[in-house]
2 protein chains.
Amino acid sequence: MKPLYDKLTKELKRNNIRISYQRLKVLEYLVNHKCHPTVEQIYSSLNKDIPTLSKTTIYSTLNTLADAGMIRVINIEDHETRYDATIENHGHFKCESCGEIYDFNIDMDLLVTKDLKNFKILDKNVYFKGVCPDCMNKKNQ
Amino acid sequence: MKPLYDKLTKELKRNNIRISYQRLKVLEYLVNHKCHPTVEQIYSSLNKDIPTLSKTTIYSTLNTLADAGMIRVINIEDHETRYDATIENHGHFKCESCGEIYDFNIDMDLLVTKDLKNFKILDKNVYFKGVCPDCMNKKNQ
DNA sequence: ACCAATATTGTAATAATTACAACTTAATTA
DNA sequence: TAATTAAGTTGTAATTATTACAATATTGGT
């Protein structure tokens, strides 16, 4: 068995998630594709290896992994959910011109507010939008 | 004409948006309902006054207002876009138990990162999720 | 290897959003 | 103020993302 599978298997077990080929494949895909893929992208790619794969399985798996905190859900817009295997706190920037989503480092601990004193905060997301350097250059040409 | 309509008319004109009864009504609704309504909520309410109202008009109007920067789009999750007439920078907290969305003050200027040095940032959103005090109390009973 | 619990699959249903053509209204000019 | 033109509204149909669910298959523990 590939070392990565071994590592992912352990992580799944640590979170009390049963092991299946599909789950390992989805996790592997996310770990190897840090480009914030959509369900469609994950499905299309894995479908080549697993012809019987169902899109429902992708949804189900992603929800399971997200509930366990193993992956992050990105709802930056477009009614098209994206997923991210990097769970350390970071922000997401979406270029409104090319659609690309970029990661950026940000200290979430700076995000404090008295207004949420008695709230239990489980998840923090920071989404920026604008134009990326590549698209800025294209416009100026 | 109501004073609010007069004010909203001026704001629309300042943004080069043509005046229509539907647009005034949508804007008025958002100003009077700061609860981050969905398209469905806006439509259901306005439909009582304007029986011929089309949901397409709501979508079109909201997109126009958002493009002009007159309202904010909230994509916190659930594949259900919400809209907010308060455009001053503030964060949104969604209670995962009751679904309510709360505003909270946050200094967006604290959100700086070297990673986006050459990016043009047009919009900043901060979304938190968790459990609100009301739902915390209910759970402990 | 067996069994019970859980996962996967495929289809169908649901829900949000957009496309588009016909009709209506708003702003502009004479 | 009437005519003109550009833009907005409407209703229907199409598209797309996501969920529901029942039948089948697989997993993990005994």
Side-chain angles (χ1 to χ4, degrees), chain A residues 1 5-6 8-27 29 36-44 46-68 70-71 73-83 99, chain B residues 1 5-6 8-27 29 36-44 46-68 70-71 73-83 99:
Chain A
M1 196 191 271
Y5 282 16
D6 205 39
L8 298 180
T9 298
K10 277 179 193 157
E11 280 194 44
L12 286 168
K13 286 194 173 160
R14 193 180 313 137
N15 285 284
N16 293 313
I17 297 173
R18 287 168 80 152
I19 313 306
S20 75
Y21 187 62
Q22 290 86 341
R23 285 177 176 170
L24 280 172
K25 278 295 192 179
V26 169
L27 246 187
Y29 184 88
H36 322 93
T38 63
V39 168
E40 187 58 43
Q41 290 171 321
I42 301 168
Y43 174 74
S44 303
L46 297 188
N47 199 29
K48 293 169 194 158
D49 286 324
I50 319 168
T52 61
L53 185 65
S54 169
K55 209 177 273 186
T56 305
T57 303
I58 310 284
Y59 279 105
S60 152
T61 301
L62 291 169
N63 287 334
T64 301
L65 298 176
D67 287 347
M70 293 181 67
I71 61 175
V73 179
I74 306 175
N75 262 102
I76 199 163
E77 71 169 353
D78 275 352
H79 318 290
E80 188 176 62
T81 306
R82 292 169 175 279
Y83 298 87
Chain B
M1 195 190 268
Y5 282 19
D6 205 40
L8 298 180
T9 298
K10 278 179 191 156
E11 279 194 47
L12 285 168
K13 286 195 173 160
R14 194 182 310 138
N15 286 284
N16 292 314
I17 297 173
R18 287 170 79 155
I19 312 306
S20 76
Y21 187 61
Q22 290 85 343
R23 285 179 176 170
L24 280 171
K25 277 297 194 179
V26 169
L27 246 187
Y29 185 88
H36 322 94
T38 62
V39 168
E40 187 57 43
Q41 290 172 320
I42 301 168
Y43 174 73
S44 303
L46 298 187
N47 200 29
K48 292 171 195 158
D49 287 323
I50 320 168
T52 61
L53 185 66
S54 169
K55 210 177 270 187
T56 305
T57 303
I58 309 284
Y59 278 105
S60 152
T61 299
L62 291 170
N63 286 335
T64 301
L65 298 175
D67 288 347
M70 292 181 68
I71 61 173
V73 179
I74 306 175
N75 263 101
I76 199 163
E77 71 170 352
D78 274 351
H79 317 291
E80 187 176 63
T81 307
R82 292 171 176 275
Y83 298 87

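For clarity, every value in this text was computed on a predicted model and none was experimentally measured. Numbers restart at 1 for each chain; the letters A, B, ... are given by sequence-line order, proteins then strands.
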Inset, instruction - Describe the nucleic acid contact of A/Glu80 in one word from base, sugar-phosphate, nothing, applying a heavy-atom distance below 4.0 Å. - result: sugar-phosphate
Legend entry - Residue whose nearest DNA chain D nucleotide is more 5′ - A/Asn75 or A/Ile19: A/Asn75
Inset, instruction - Could you point out which residue of A/Leu46, A/Ile58, A/Asp49 forms a side-chain contact (heavy atoms from CB on, under 4.5 Å) with A/Tyr29? - result: A/Leu46
Legend entry - salt bridge (charged side-chain N to carboxylate O under 4.0 Å, His left out) involving A/Glu40 - partner list, sequence neighbours excluded: A/Lys55
Inset, instruction - Identify, between B/Val39 and B/Tyr21, the residue whose nearest nucleotide on DNA chain C lies closer to the 5' end. - result: B/Val39
Legend entry - Atom pair OG1/CD of B/Thr57 and B/Gln22 - distance to nearest 0.5 Å: 6.0 Å
Legend entry - Those residues of residues 50-58 of chain B lying under 4.0 Å from DNA chain D by at least one heavy atom: B/Thr52, B/Leu53, B/Ser54, B/Thr56, B/Thr57
Inset, instruction - Return the value, rounded to whole Å, for the distance between atom CD of B/Gln41 and atom P of C/dA16. - result: 11 Å
Inset, instruction - Classify the nucleic acid contact of B/Thr81 as base, sugar-phosphate or nothing, counting any heavy atom under 4.0 Å across all strands shown. - result: sugar-phosphate
Inset, instruction - Over all heavy atoms of both residues, which pair between B/Asn15 and B/Ala68 is shortest? Give the atoms and the distance, please. - result: OD1-O, 3.6 Å
Identify all pairs in which a protein N or O lies below 3.5 Å from an N or O of nucleotides 5-7 of chain D, and state each distance.
{"residue": "D/dA7", "atom": "O4'", "partner": "B/Arg18", "partner atom": "NH1", "Å": "2.5"}

Legend entry - Atom pair CG (B/Leu24) and CG (B/Leu8), whose distance is rounded to the nearest 0.5 Å: 6.5 Å
Inset, instruction - State, to 0.1 Å, how close A/Asn75 and B/Ile76 come at their nearest heavy-atom pair, and which atoms those are. - result: CB-O, 4.0 Å
Legend entry - Nearest heavy atoms of A/Val73 and A/Tyr83, plus distance in Å: CG2-CE2, 4.0 Å
Legend entry - Contact under 4.0 Å: B/Tyr59 side-chain N or O vs C/dT17 OP1/OP2: yes
Legend entry - Phosphate OP1/OP2 of D/dT26: any A/Gln22 side-chain N/O under 4.0 Å: no
Legend entry - C/dT8 OP1/OP2 closer than 4.0 Å to side-chain N/O of A/Ser20: yes
Legend entry - Phosphate OP1/OP2 of C/dA16: any B/His79 side-chain N/O under 4.0 Å: no
Inset, instruction - Please report, rounded to the nearest Å, how far the P atom of C/dT18 is from the CG atom of B/Asp67. - result: 11 Å
